[in-house]
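These notes are about the structure you will find just below.
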Amino acid sequence: MSNSPIRVGFLGTGFIATYHSKSLRQAGASIIRAGAFDIDTARRDAFCKASGHQPLDSEEQVIDSADAVYVCAWTSEHLRLVEQVVLAGKAVFVEKPLAPTLAIARELTNSIVKSGVVNQVGLVLRHSPAYLLARELVADRAAGRVMNVVFRGDQFIPIQGYYTSTWRSDVTRAGAGTLLEHSIHDIDMLRFVVADVTAVSARSTNFHGYPGIEDSVSVSLQFENGALGTLASIWHDNLTRPTQRHVEIFCEKRTISITGHDWFGPIEWHDADGSSGRLEGDELVSRTAGLSYTDANPDVAFIRAVKDTSPAYPDVTIALRAHEIVNAIYRSAEQGGKSVATSD
Ligand SMILES: NC(=O)c1ccc[n+]([C@@H]2O[C@H](COP(=O)([O-])OP(=O)(O)OC[C@H]3O[C@@H](n4cnc5c(N)ncnc54)[C@H](O)[C@@H]3O)[C@@H](O)[C@H]2O)c1
């Protein structure tokens, strides 16, 4: 365990880098804000002015300046940047999706795993109080077996509004559309709360017309514990609807729903004996405080893992499994909805 503060660097200083940088305020004196680089100098400078990071002129300089590096560039740059970070033996936080394709996600995963560096991915909902409680409610014997789940994830296509960037309409940089870019979180939460997914059948469409960027996907899911489910993933143009998820879980003796905010709920449940519950906001946060992996804040948890040289969570292998399922969904959609095993 290191007593010195962890020097944190950023590669890519856009929307999600800003989110992590603000969240790292909770790490207090356990970090030092080291270098940051973006190919867009104006973005880099605005980020550094707001966060206190040092503006640097290259990826190498940032890696040299830091003990732990956040890779927050657009998706097609993740592999190249991650390889440089792990070659230098530095800890890495890499955003989701790992890569534009499953093959490249595998390459990235192998590179990190072989290096042995502390690593964490941006599947931040694994730290969400609402999903942590849903997982506990599903696992409770009193709920009976989980039978079915209806999961909807929608948002306005994020090439407008407060995203202020357009790369998500470019398949060479994003890899694909709403399923890979947005609903990889949803697939990960379905695994986290229900069980691993064994087979999928899917259809997808493309209303906006950006080549390779699907914007409406419906999936039928088979889980390894026998449950069934459906996922709808949509990128629309309704700017009054930023990211929204709505989840209904049907167990033999309990129904659970998460509506509203991804983190703060509300989450509501109703049992066969007539009892029910509802939690949101601070009450939900304090109820789930003991359920998080080391710290409720994913960025503070990452810094703690780097300090202790202990495994961070969720790591790249968890993200790779979500990629495998996403890939099976795309293969099913290409075949007009044919059932595809996620082990293929
Ligand atoms: N975990 C989440 O919930 C979440 C949310 C949003 C975005 N993301 C992911 O984070 C990544 C970035 O998304 P964003 O919304 O921040 O995009 P963004 O456009 O706001 O920021 C990306 C930045 O990367 C920069 N960049 C590109 N190549 C670079 C390089 N080689 N070196 C340094 N900078 C480079 C761009 O100039 C841009 O400023 C994507 O992979 C995205 O899928 C994750």
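Note that ligands are numbered from 1 as they come in the structure, with each ligand's atoms numbered from 1 the same way.
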Sorted by chain and number, the residues that approach ligand 1 to under 4.0 Å with a heavy atom: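 Residues near ligand 1: Gly12, Gly14, Phe15, Ile16, Phe37, Asp38, Ile39, Asp40, Arg43, Glu59, Cys72, Ala73, Trp74, Thr75, Glu77, His78, Arg80, Glu95, Lys96, Pro97, Gly122, Ser165, Trp167, Arg168, Glu181, His185.
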Got a sec, which pairs hit side chain to side chain donor-acceptor pair (under 3.5 Å) with one end in residues 127-137, sequence neighbours left out? Glu136-Arg287
Given the side-chain rings of Phe10 and His53, with only the six-membered ring counted for Trp, is the space between their centroids under 6.0 Å? yes
Quick one: are the ring centres of Tyr293 and Phe302 less than 6.0 Å apart? no
Among residues at least two apart in sequence or on other chains, which ones pass side chain to side chain donor-acceptor pair (under 3.5 Å) with Asp57?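 Once residues adjacent in sequence are excluded, the partners of Asp57 under the side chain to side chain donor-acceptor pair (under 3.5 Å) criterion are Arg44.
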Return the set of residues passing side chain to side chain donor-acceptor pair (under 3.5 Å) with Asp140 (not counting sequence neighbours), or none when no residue passes. Arg254
Tell me, yes or no, whether the heavy-atom count around Glu60 atom CD, taken from other residues, nucleotides or ligands under 6.0 Å, exceeds 12. yes
